[in-house]
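Numbers for residues simply follow the sequence, beginning at 1. Excluded from the calculations below are hydrogen atoms, water molecules and symmetry mates; all remaining heavy atoms, backbone and side chain alike, are included.
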Amino acid sequence: IILDEKIDGKHGLEVMQGLRNKRVTSEIPVIILTDDGHDTERMVRWLEHGAFDWIVKPVTDTIVQAKVRIVQRLRQRDEALSWESKLNAALAGLDRALVEQSPPVDEISGLVLDYAKKLTQSEYGFAASIDPETGTCIAHTIAGMMEECRVNNELKKITFPRGKNGRYPGLWGHALNTKKPFYTNTPKTHESSIGTPDGHIRIKRFLAVPAMIGNEPIGLLALANPEKPYTVWGLNAVTRIAVLYALALQRLRTHEELIQYQQHLEDQVKRRTASLAEANEKLKDEIKERRKFELVLKHTNEELLREHI
């Protein structure tokens, strides 16, 4: 905002105060137009009331444009720093929750989705893991986003299987097929769009990030319909969240594999123990039979000796 300190019928400071008291203008930088840039006390008073800078009259377009560019660069830098600070705090909180609590996959997915939705101000979304054997995408937490899905009654999960061609369908599948994060603010025109079924929510904006371990996607974060368009900042934020999600899913996989391997070893020990017990019983039976045979043989020998005598 370019504000002349001498406004007809009102002092510039009053206007400045009004701008700062309104939510929609409170954060907008204000540059003051002044007749005297050497009045230090007056300039300090303007700065204390929230002015960003001033321009001494007479004004030229070149000076105004240069000042505005400086304001824009500084504002962008401040916004970037503020966003980075907010993101780092969120990631630290999420990482702490995932590491210290070690929750099950449903809770992990819900926690990760909540952070992703808040940072991007998305209305809808889901967090899913990939079945390592079938490749099926299993949504553990879904926020009103998808209705065209198949419910596995045994596992009580919402599943999104691969197509017959081995690829995942639709916008959400695009991230898994390409193994790359993406967003679109015009989903209808996206190459992977297949439309929406009756009763499905209208997708206005969409963002999806695969959770990767190496070159293998083991999970997916999908979001939709924020109030404002998705940006690279939002995509980068969800990508960093997806890194934590991938590590958490991998840790769960490893834990489950260790449990399965431990169970396998225990089963082997039980089978081996049972086999040894059976062999031991057979050996006992053989020893009994041998002793019986030895007794019969002894009696036979004794009878033979008596006959010769």
Side-chain angles (χ1 to χ4, degrees), residues 83 86-131 136-152 155-161 168 170-176 179-185 187 196 200-213 216-253:
W83 170 256
K86 180 181 178 181
L87 176 58
N88 287 336
L91 292 173
L94 177 59
D95 183 58
R96 186 164 52 251
L98 293 177
V99 172
E100 292 180 357
Q101 299 176 17
S102 298
V105 64
D106 290 348
E107 292 184 19
I108 287 175
S109 299
L111 190 63
V112 167
L113 181 60
D114 285 343
Y115 272 84
K117 286 176 61 183
K118 288 177 183 178
L119 282 171
T120 58
Q121 298 182 339
S122 298
E123 186 176 2
Y124 304 109
F126 71 84
S129 64
I130 307 299
D131 187 298
T136 296
C137 184
I138 305 172
H140 301 279
T141 302
I142 191 165
M145 185 174 180
M146 301 280 187
E147 292 180 3
E148 186 182 25
C149 55
R150 179 168 56 83
V151 177
N152 185 322
L155 298 176
K156 299 186 182 300
K157 304 294 182 185
I158 301 175
T159 60
F160 303 93
Y168 298 97
L171 288 170
W172 64 269
H174 181 74
L176 294 176
K179 302 180 181 179
K180 294 180 180 179
F182 82 102
Y183 70 87
T184 174
N185 291 309
T196 55
H200 194 285
I201 64 165
R202 179 168 171 258
I203 302 297
K204 303 174 184 178
R205 303 180 180 96
F206 185 83
L207 181 151
V209 178
M212 305 288 295
I213 293 294
E216 177 192 4
I218 68 170
L220 176 71
L221 289 176
L223 303 165
N225 295 4
E227 291 185 5
K228 298 179 181 180
Y230 285 119
T231 65
V232 174
W233 284 8
L235 185 67
N236 290 339
V238 180
T239 299
R240 290 170 68 177
I241 291 176
V243 171
L244 297 180
Y245 188 39
L247 292 174
L249 290 177
Q250 179 68 4
R251 186 166 60 248
L252 281 177
R253 274 193 186 183

Taking all non-hydrogen atoms of both residues into account, name the closest pair between Tyr230 and Asn225 and its distance.
OH-N, 3.9 Å
To the nearest 0.5 Å, what is the distance between CG on Leu244 and CG on Leu221?
10.0 Å
I need the minimum non-hydrogen distance between Ala175 and Pro210, along with the two atoms involved.
O-CG, 3.7 Å
Less than 6.0 Å separating the ring centroids of Tyr115 and Tyr245?
no
Which atom names give the shortest non-hydrogen contact between Leu249 and Ala128, and what distance separates them?
CD1-O, 4.3 Å
Measuring from Leu111:CG to Asp114:CG, what's the distance to the nearest 0.5 Å?
6.5 Å
Gln250 side, atom CD; Ile213 side, atom CD1 - distance, nearest 0.5 Å
5.0 Å
With Val209, the side-chain contact (heavy atoms from CB on, under 4.5 Å) member among Ile241, Leu235, Leu223, Val243
Leu235
Please evaluate residues Ile130 and Leu176 with respect to the criterion side chain to side chain contact (heavy atoms under 4.5 Å, CB included), reporting the C-alpha separation (whole Å), side-chain torsions for both, the decisive distance (0.1 Å), and the verdict.
CA-CA 10 Å; Ile130 307 299; Leu176 294 176; 3.9 Å; yes
For Ser122 versus Ala224, what's the shortest heavy-atom pair and its separation?
CB-O, 3.6 Å
Minimum side-chain heavy-atom gap Cys137-Trp172 below 4.5 Å
yes
Just so I know, are the side chains of Phe126 and Leu220 near enough to count as touching, which here means a heavy-atom distance under 4.5 Å?
yes
What closest approach, in Å, do Leu171 and Pro187 show between heavy atoms, and which atom pair accounts for it?
CD1-CB, 3.7 Å
Gap between atom OG1 of Thr120 and atom NZ of Lys228 - 0.5 Å precision
13.0 Å
Applying the side-chain contact (heavy atoms from CB on, under 4.5 Å) criterion to Ser129, which one of Ile138, Thr136, Ile218 satisfies it?
Ile138
Under the side chain to side chain contact (heavy atoms under 4.5 Å, CB included) rule, what do Arg205 and Thr184 come out as? Steps first, then yes or no, please.
CA-CA 6 Å; Arg205 303 180 180 96; Thr184 174; over 6 Å; no
Which heavy-atom pair separates Lys179 from Met212 by the least distance, and what is that distance?
CB-CE, 3.8 Å
Can you tell me how far apart CD (Glu107) and NE2 (His140) are? Round to the nearest 0.5 Å.
12.5 Å
